[in-house]
Amino acid sequence: MQKPIKKDPNRYHGEKMTEFSEWFHNILEEAEIIDQRYPVKGMHVWMPHGFMIRKNTLKILRRILDRDHEEVLFPLLVPEDELAKEAIHVKGFEDEVYWVTHGGLSKLQRKLALRPTSETVMYPMFALWVRSHTDLPMRFYQVVNTFRYETKHTRPLIRVREITTFKEAHTIHATASEAEEQVERAVEIYKEFFNSLGIPYLITRRPPWDKFPGSEYTVAFDTLMPDGKTLQIGTVHNLGQTFARTFEIKFETPEGDHEYVHQTCYGLSDRVIASVIAIHGDESGLCLPPDVAAHQVVIVPIIFKKAAEEVMEACRELRSRLEAAGFRVHLDDRDIRAGRKYYEWEMRGVPLRVEIGPRDLEKGAAVISRRDTGEKVTADLQGIEETLRELMKDILENLRTRAWERMESEIREAETLEEASRIVDEKRGIISFMWCGEEECGMDVEEKVRVDILGIQEEGSGTCINCGREAPTGLTLPEHIS
RNA sequence: GGGACCAUAGGGUAGCUUGGUCGAUCCUUUGGGCUUUGGGAGCCUGAGACCCCGGUUCAAAUCCGGGUGGUCCCA
């Protein structure tokens with residue numbers, strides 16, 4: 001009981017803000033999310049706890065997508081000639097494609113690529129599937145792994161060679177305006193998804209030199225990591241008819257003509273999980289939104305010699321009750337000190353902890369402790385389901401608000417290039433300024449201020465910070481040091 | 001694409017400069033036992049490592065070469 005509160009130097013270290021990179025690395029190992037020791041660069045192992053979080057995250061996503069998308073599954077390998085068909089598209093990926101060149105000992109007559117993304121895998125099949133305007137629209141998605149031969153430093157969940165979780169949706173429409181509308185819908189879908197994870201985001205239209213290769217335009221979701229740098233966590237592309245022409249995807253109109261379809265695609269990856277971990281986590285470790293947490297409630301019995309069995313029995317009973325009520329609950333009945341359990345479950349991000357000891361039992365109560373605030377309250381065992389449910393709602397709300405405030409406090413407005421440069425010197429955060437939208441002028445800004453322009457926000461107006469021309473749309477240009 | 005640094009139990013480290021005292025240090029982890037248990041328990045007793053290949057040498061964790069893996073900086 002006289003605890004020597006010595007900080008174990010080998011557990012992950014606390015200073016999340018000052019040493020984010022180390023914090024992130026350590027928490028992934030410590031909380032048993034990812035094992036980074038697999039002996040191939042950029043490829044890592046999902047451990048059971050991490051896999052649970054991933055599974056729950058996907059569950060939320062599928063619940064939303066399944067409303068009007070159909071899930072499919074396409075092959076991993078793309079023949080070289082298909083991959084090469086869409087020239088601009090290939091150019092964007094050729095440096096980072098993995099190739100399968102052999103089958104056993106014999107060399108393949110036709111090289112096969114590991115999909116870097118699945119446009120060229122799916123679209124030849126779409127050409128077979130789409131016949132008539134009555135088939136449209138079509139909305140598909142799949143959750144697969146993709147491969148990119150990253151040459152820069154890899155980092156678990158954020159920059160990897162095997163993207164283990166890539167949700168890609170592909171839609172097909174009869175008209176340009178329907179495709180346009182689908183882009184808007186996809187943005188709404190992603191908003192709903194990120195909101196249910198409490199992740200703040202910035203929605204921008206990517207500058208033309210940074211759009212998806214082969215697309216008309218790209219709308220991207222970015223969030224802000226604790227190190228002050230932005231992270232792209234989702235993209236929505238309007239593909240126009242480019243791929244339709246390349247892959248001959250046509251439909252018959254009511255009039256009997258044959259026209260090329262209009263397409264969109266949009267994707268999310270492992271980075272979503274990285275952002276949940278990074279943005280909500282703190283110096284005690286993970287802090288998970290209840291919907292993604294592997295365990296939502298952990299029960300810790302406070303055992304003394306006297307009443308030991310009664311306490312255990314009450315805990316077991318509570319567990320069955322909570323399970324019946326639909327909670328993901330765990331009873332930690334290990335024979336170690338309660339304090340140690342607290343530290344462990346806090347590190348693993350469990351939103352709620354319920355403690356039951358002899359004193360509580362006499363009162364027919366339990367102590368509930370919430371992970372996000374550290375607050376403890378005593379609650380009646382009677383009707384505790386409702387209390388816990390309320391608290392979970394509150395936790396998500398609190399996490400979301402907290403995260404949005406933090407991100408917004410890092411967005412700074414600049415009226416002049418000098419001002420922007422000064423902010424850049426701080427090496428963190430996002431700068432918002434007006435830009436005319438011209439490519440040449442944008443490149444010039446990137447050069448002068450030494451930033452990467454993230455994208456254009458579709459609101460407000462003013463004069464361009466660089467050339468002084470009228471800027472029809474307000475612009476947010478986050479500093480994006482990659 | 002260019003450069004710097006690093007590699008010792010599951011994790012973190014000491015030792016390397018000046019080869020031998022290393023039967024390799026400390027923390028954590030981990031098996032067994034007793035006493036404990038309202039915020040990381042204590043004691044006893046076990047377990048666990050010099051990245052790979054080659055070289056120099058009587059002798060290599062230590063020096064040299066190559067490989068592999070990792071970290072960071074610059075374009």
Side-chain angles (χ1 to χ4, degrees), chain A residues 1-15 18-45 47-49 94-96 149-156 158-161 227 229 282-286 298-312 314-315 331-348 350 352-363 365-371 373-379 381 427 446-447 450-452 480-482:
Chain A
M1 192 176 126
Q2 55 315 312
K3 236 338 15 358
I5 304 282
K6 61 170 176 222
K7 188 107 185 178
D8 173 2
N10 306 318
R11 293 185 182 275
Y12 81 97
H13 321 234
E15 306 86 53
T18 52
E19 260 314 328
F20 171 67
S21 186
E22 195 182 356
W23 179 92
F24 188 67
H25 179 273
N26 289 337
I27 195 63
L28 290 179
E29 295 273 350
E30 190 72 20
E32 299 182 304
I33 294 166
I34 295 278
D35 196 327
Q36 302 162 53
R37 294 169 301 179
Y38 189 75
V40 177
K41 184 181 167 75
M43 301 193 183
H44 312 109
V45 179
M47 296 199 281
H49 183 228
E94 63 187 354
D95 291 343
E96 35 186 60
Y149 186 76
E150 292 285 353
T151 49
K152 293 183 186 167
H153 323 122
T154 57
R155 202 186 208 192
I158 293 177
R159 183 179 286 126
V160 290
R161 286 183 167 177
D227 58 2
K229 297 178 185 171
D282 60 23
E283 27 303 307
S284 301
L286 287 186
V298 61
I299 303 171
V300 177
I302 309 297
I303 302 283
F304 291 89
K305 268 211 189 87
K306 68 159 196 144
E309 198 37 50
E310 288 86 334
V311 168
M312 272 313 294
C315 287
L331 169 58
D332 188 350
D333 56 3
R334 290 174 299 169
D335 184 23
I336 55 176
R337 298 173 95 93
R340 180 161 171 187
K341 296 180 185 177
Y342 300 163
Y343 281 96
E344 271 187 44
W345 294 112
E346 281 164 13
M347 185 272 295
R348 291 168 72 95
V350 178
L352 290 167
R353 181 178 70 235
V354 177
E355 305 161 22
I356 301 183
R359 289 208 303 259
D360 308 302
L361 209 51
E362 281 169 27
K363 295 180 290 184
V367 175
I368 304 176
S369 164
R370 53 189 279 184
R371 175 62 179 85
T373 59
E375 226 173 315
K376 281 188 176 192
V377 292
T378 304
L381 277 170
K427 294 225 180 259
E446 289 196 340
E447 186 87 2
R450 309 206 55 214
V451 289
D452 288 339
H480 182 187
I481 310 162
S482 59

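We name chains A, B, ... by the order of the sequence lines, and we start the count at 1 in each one.
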J.: Please examine the side chains of A/Arg353 and A/Lys341, heavy atoms only from C-beta on, and report whether any two atoms are closer than 4.5 Å.
T.: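 Not in contact.
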
J.: NA contact type, A/Gln36, heavy-atom cut-off 4.0 Å: base, sugar-phosphate, or nothing?
T.: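 Nothing, no heavy atom under 4.0 Å.
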
J.: Just to be sure I understand: a Watson-Crick pair is purine N1 to pyrimidine N3 plus N6-O4 or O6-N4, both under 3.5 Å. Using that and G-U wobbles, which stems of three or more pairs involve RNA chain B?
T.: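 Expected stems, ordered by start: B:1-7 with B:68-74, B:10-12 with B:26-28, B:29-35 with B:41-47, B:51-55 with B:63-67.
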
J.: Find out whether A/Arg340 and A/Arg334 are in side-chain contact, i.e. whether some heavy atom of one side chain is under 4.5 Å from a heavy atom of the other.
T.: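 They are not in side-chain contact.
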
J.: How is A/Arg37 classified with respect to the nucleic acid when contacts are heavy atoms under 4.0 Å: base, sugar-phosphate, or nothing?
T.: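 Sugar-phosphate, no base atom in range.
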
J.: Check this for me: does any side-chain nitrogen of one of A/Lys41 and A/Glu150 sit under 4.0 Å from a carboxylate oxygen of the other?
T.: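 Salt bridge: no.
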
J.: Would a distance-only check, ignoring hydrogens and angles, find a side-chain to backbone donor-acceptor pair under 3.5 Å from A/Arg371 to A/Leu286?
T.: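 Judged by distance alone, yes, a pair lies under 3.5 Å.
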
J.: For B/G39, take OP1 and OP2 only and decide whether either is under 4.0 Å from a side-chain N or O of A/Lys341.
T.: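 False: A/Lys341 side-chain N/O out of range (4.0 Å or more) of B/G39 OP1/OP2.
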
J.: Atom OH of A/Tyr38 to atom C1' of B/G10: distance rounded to whole Å?
T.: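 The answer, rounded to whole Å, is 19 Å.
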
J.: Would you indicate which nucleotide in B/C72, B/G38, B/U30 comes nearest to any side-chain atom of A/Arg337?
T.: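 Taking heavy atoms from C-beta onward, the closest nucleotide is B/G38.
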
J.: Identify which nucleotide among B/G39, B/U30, B/G38 has an atom closest to any side-chain atom of A/Arg353, counting heavy atoms from C-beta outward.
T.: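 Output: B/G39.
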
J.: Take the protein atom CG of A/Leu28 and the nucleotide atom P of B/G11, then report the distance between them rounded to whole Å.
T.: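 Roughly 16 Å, once rounded to whole Å.
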
J.: Separation of A/Tyr149 atom OH from B/G1 atom C1', in whole Å?
T.: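 It is 13 Å, rounded to the nearest whole Å.
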
J.: When you match A/Glu29 and A/Asp360 each to their closest nucleotide on RNA chain B, which lands nearer the 5' end?
T.: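 Here A/Glu29 is the residue nearer the 5' end.
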
J.: Please tell me which of the listed nucleotides, B/C72, B/G38, B/U36, lies nearest to the side chain of A/Lys305?
T.: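 Nearest nucleotide to the side chain: B/U36.
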
J.: Just wondering, do A/Ile356 and A/Leu361 contact through their side chains at under 4.5 Å, heavy atoms?
T.: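 A/Leu361 reaches A/Ile356 side chain to side chain.
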
J.: Whole-Å distance between B/G11 P and A/Met47 CE?
T.: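 Between P of B/G11 and CE of A/Met47: 12 Å.
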
J.: Do A/Asp227 and A/Phe24 have side chains that approach each other closer than 4.5 Å (heavy atoms only, starting at C-beta)?
T.: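 Side chain of A/Asp227 against side chain of A/Phe24, heavy atoms only: no contact under 4.5 Å found.
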
J.: Could you measure between the two P atoms, the one in B/A75 and the one in B/U68, and give it in whole Å?
T.: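 It works out to 27 Å between them.
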
J.: Considering only atom P, compute the distance from B/G42 to B/G38 and round it to an integer number of Å.
T.: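 B/G42 and B/G38 have their P atoms separated by 13 Å.
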
J.: Using ring pair (Phe, Tyr, Trp, His ring centres under 6.0 Å) as the criterion, list what pairs up with A/Phe304, not counting sequence neighbours.
T.: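 Residues passing ring pair (Phe, Tyr, Trp, His ring centres under 6.0 Å) with A/Phe304: none at all.
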
J.: Distance check, P atoms only: B/G46 and B/U62, in whole angstrom units.
T.: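 One P to the other, the span is 30 Å.
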
J.: Please measure how far the C1' atom in B/G31 lies from the corresponding atom in B/G10, and state the result in whole Å.
T.: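 To the nearest whole Å, 15 Å.
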
J.: For A/Glu22 and B/C6, what is the distance between atoms CD and P respectively, to the nearest whole Å?
T.: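 Atom CD in A/Glu22 sits about 18 Å away from atom P in B/C6.
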
J.: Please state the C1' separation for the pair B/U56 and B/G19 - nearest whole angstrom.
T.: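 Pairwise C1' distance, B/U56 against B/G19, rounds to 11 Å.
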
J.: Would you mind reading off the distance between A/Asn26 atom CG and B/U71 atom P, rounded to a whole angstrom?
T.: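 About 13 Å, once rounded to whole Å.
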
J.: So A/Glu355, base contact, sugar-phosphate only, or nothing? Heavy-atom distance under 4.0 Å.
T.: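 Result for A/Glu355 = base.
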
J.: Once you round it to whole Å, what is the distance between P of B/U29 and CE of A/Met347?
T.: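 Atom-to-atom, A/Met347 to B/U29, this comes out as 12 Å.
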
J.: Taking the C1' atom in each of B/A49 and B/G15, what is the distance between them to the nearest angstrom?
T.: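 Per the computed distance, 14 Å lies between those C1' atoms.
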
J.: Please measure how far the P atom in B/A60 lies from the corresponding atom in B/G48, and state the result in whole Å.
T.: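 Pairwise P distance, B/A60 against B/G48, rounds to 23 Å.
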
J.: Given B/U36, B/A41, B/G39, which nucleotide is nearest the side-chain atoms of A/Tyr343?
T.: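 Selected nucleotide: B/G39.
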
J.: Examine distances only and state if a side-chain atom of A/Glu29 and a backbone atom of A/Gln36 form a donor-acceptor pair shorter than 3.5 Å.
T.: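 Yes.
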
J.: If we take the P atom in both B/G1 and B/G12, what is their distance in whole Å?
T.: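 Per the computed distance, 29 Å lies between those P atoms.
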
J.: What's the CG-C1' distance between A/Asp332 and B/U37, to the nearest Å?
T.: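 Taking atom C1' of B/U37 as the reference, CG of A/Asp332 is at 13 Å.
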
J.: Considering residues, nucleotides and ligands other than A/Glu309, do more than 12 of their heavy atoms fall under 6.0 Å from its CD?
T.: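 Result for CD/A/Glu309: enclosed.
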
J.: For the side chain of A/His153, starting at C-beta, report the closest nucleotide among B/G38, B/C72, B/G39.
T.: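 Side chain of A/His153 sits closest to B/C72.
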
J.: Using the side-chain heavy atoms of A/Arg340, tell me which of these nucleotides is nearest: B/U36, B/U29, B/G70.
T.: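 Looking only at side-chain atoms, A/Arg340 lies closest to B/U29.
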
J.: I want to verify a distance call: between B/C72, B/U36, B/G70, whose nearest atom is closest to the A/Lys41 side chain?
T.: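 Selected nucleotide: B/G70.
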
J.: Start at the 5' end of RNA chain B and walk down; is the nucleotide closest to A/His25 or to A/Lys376 reached first?
T.: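 Closest to the 5' end, via its nearest nucleotide, is A/His25.
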
